[in-house]
There are 2 protein chains.
Amino acid sequence: MVRAPVGLLPMDADAVRGHLDGMLLAVLEDEPLHGYGIIEALHRRSGGALDLPTGTVYPALRRLERGRWIDGSWSTVGGRKRRTYTLTRAGQRELARRRSEWIRFSGVVGSVLGGTA
Amino acid sequence: MVRAPVGLLPMDADAVRGHLDGMLLAVLEDEPLHGYGIIEALHRRSGGALDLPTGTVYPALRRLERGRWIDGSWSTVGGRKRRTYTLTRAGQRELARRRSEWIRFSGVVGSVLGGTA
DNA sequence: AGCCATATGTAGCCACGCTACCTATACGAT
DNA sequence: ATCGTATAGGTAGCGTGGCTACATATGGCT
């Protein structure tokens, strides 16, 4: 993956906490992707703000797979092994839940934080 | 503190992570408050969504005090001891920083999460 | 006397994103 | 041929912070 010459600060780790799973489900909504592709998709869709290490993403994907929200399968592309993940029905429902929770959460923080509420 | 008859789900703990400090600073912007009053203010300003336990708020306040973002002082009101916190200059700057970070963060999550972007 | 609201605090748990590694293949440049 | 980089997957262990569960104390109401 070719990174932008940076200039963007990475998101704070604690801030991301609890919001990663929803974002992972979201990038899988349009099309199945493998881990590395997911990291790229997050980077692209965040305008370069998210540049998540594999140590964050791969364990998270295994977690989501254990929870039956995504479904992984191995394949070989160009001599390299890939694990491609697909959103399950339960994952779609979970994504919808996460989206509405995000609306609620961001509303709460916005109103408490004020200043730009 | 008299709680509403509930009906509101509490915010997820992981979601709050990393966003609490900013909210604490924000409620201290208008007026100095003691811990218990801060919990009430957060409850009020969040429309009842935030009902934070003392085990969350008191350690966070000590942390902010150690960081010189707030300044605490003891007093006695109606026979009860209070520790009242005031936002410092550094705290005001930190609050501004937190606010702009929140704008950025919520923009990023919104654009990645999509659906209602 | 008992209970609640007010008020502050700590010990220890747990989840999860992170750093720092490791392995492996394909391919272009030197 | 060798090196570096992009692609691709993975784990062990750390740190942190919000949480549960508790402890302490006063004032006031019944």
Side-chain angles (χ1 to χ4, degrees), chain A residues 1-4 10-24 32-43 46 49-67 70 72-85 105 108-109, chain B residues 1-4 9-24 32-43 46 49-67 70 72-85 98 105 108-109:
Chain A
M1 174 164 56
V2 181
R3 309 292 185 181
M11 294 306 316
D12 179 63
D14 278 329
V16 172
R17 186 123 170 187
H19 305 285
L20 175 61
D21 288 9
M23 292 194 284
L24 292 173
L33 282 172
H34 61 293
Y36 192 83
I38 290 170
I39 292 175
E40 288 180 309
L42 288 170
H43 190 252
S46 68
L50 290 177
D51 199 356
L52 302 176
T54 64
T56 292
V57 174
Y58 289 122
L61 289 172
R62 298 197 128 284
R63 195 168 64 228
L64 292 174
E65 195 179 9
R66 273 204 315 277
I70 61 176
S73 68
W74 286 103
S75 62
T76 304
V77 176
R80 291 193 191 85
K81 292 208 166 182
R82 283 183 172 181
R83 188 156 183 83
T84 301
Y85 292 100
F105 174 76
V108 165
V109 175
Chain B
M1 172 164 58
V2 181
R3 309 292 185 180
L9 299 161
M11 294 305 317
D12 178 63
D14 277 329
V16 171
R17 187 123 170 187
H19 305 285
L20 175 61
D21 288 8
M23 292 194 283
L24 291 172
L33 283 171
H34 61 294
Y36 192 83
I38 290 171
I39 293 174
E40 287 180 310
L42 288 170
H43 191 252
S46 67
L50 290 176
D51 199 356
L52 302 174
T54 65
T56 291
V57 174
Y58 288 119
L61 289 171
R62 298 198 129 282
R63 197 168 62 228
L64 292 174
E65 194 179 12
R66 272 204 316 278
I70 61 176
S73 68
W74 286 104
S75 63
T76 304
V77 177
R80 293 193 189 86
K81 292 209 166 181
R82 284 183 173 181
R83 189 155 183 82
T84 301
Y85 292 100
R98 295 260 178 187
F105 173 76
V108 164
V109 176

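Throughout, protein chains are lettered first and strands after them, A, B, ... in sequence-line order, and every chain is numbered starting at 1. Note that these values count all heavy atoms, side chains included, but never hydrogens, waters or copies made by symmetry.
In this structure, M23(B) places its CE atom 9 Å from P of dG18(D), rounding to the nearest Å. For L64(A) and dC16(C), the CG to C1' distance is 12 Å, given to the nearest whole Å. Between the CG atom of L61(A) and the C1' atom of dT11(D) there is a distance of 15 Å, rounded to whole Å. In this structure, L33(B) atom CG and dT8(C) atom C1' are separated by 15 Å, rounded to whole Å. Rounded to whole Å, the distance from CZ on R82(A) to C1' on dA24(C) is 15 Å. For the pair W74(A) CH2 and dA8(D) P, the computed distance is 12 Å after rounding to whole Å. The interatomic distance linking Y36(A) (OH) with dG10(D) (P) rounds to 15 Å, in whole Å.
When the side chain to side chain donor-acceptor pair (under 3.5 Å) test is applied to R80(A), no partner is found at least two apart in sequence or on another chain. Residues satisfying the side chain to side chain contact (heavy atoms under 4.5 Å, CB included) criterion with A49(A), sequence neighbours excluded, are M11(A), S46(A), R104(B), V108(B). Every residue two or more places apart in sequence or in another chain that forms a side chain to side chain contact (heavy atoms under 4.5 Å, CB included) with P32(A) is listed here: T84(A), T86(A). For R82(A), there are no salt bridge (Lys or Arg N to Asp or Glu O under 4.0 Å) partners, not counting sequence neighbours.
For the pair H34(B) (side chain) and Y85(B) (backbone), a donor-acceptor distance under 3.5 Å is absent.
Not one side-chain nitrogen or oxygen of Y58(A) sits closer than 4.0 Å to the OP1 or OP2 atom of dG10(D).
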For nucleotides 26-30 of chain D, give me every protein contact, N/O to N/O, under 3.5 Å, one pair per line with atom names.
unit_1	atom_1	unit_2	atom_2	d
dT26(D)	O2	R80(B)	NE	2.8
dT26(D)	O2	R80(B)	NH2	3.2
dG27(D)	O4'	R80(B)	NH2	3.0

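Ring planes of F105(B) and H19(A): perpendicular class, angle over 60° (limits at 30 and 60°).
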Legend entry - Contact state string [nucleotides 17-23 of chain C, B base, S sugar-phosphate only, - no protein heavy atom under 4.0 Å]: SBB----
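Using a 4.5 Å heavy-atom cutoff, the side chains of R83(B) and E65(B) are in contact.
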Atom pairs and distances, donor-acceptor, side-chain atoms in residues 56-64 of chain A, under 3.5 Å, two or more places apart:
unit_1	atom_1	unit_2	atom_2	d
R63(A)	NH2	D21(A)	OD1	2.7

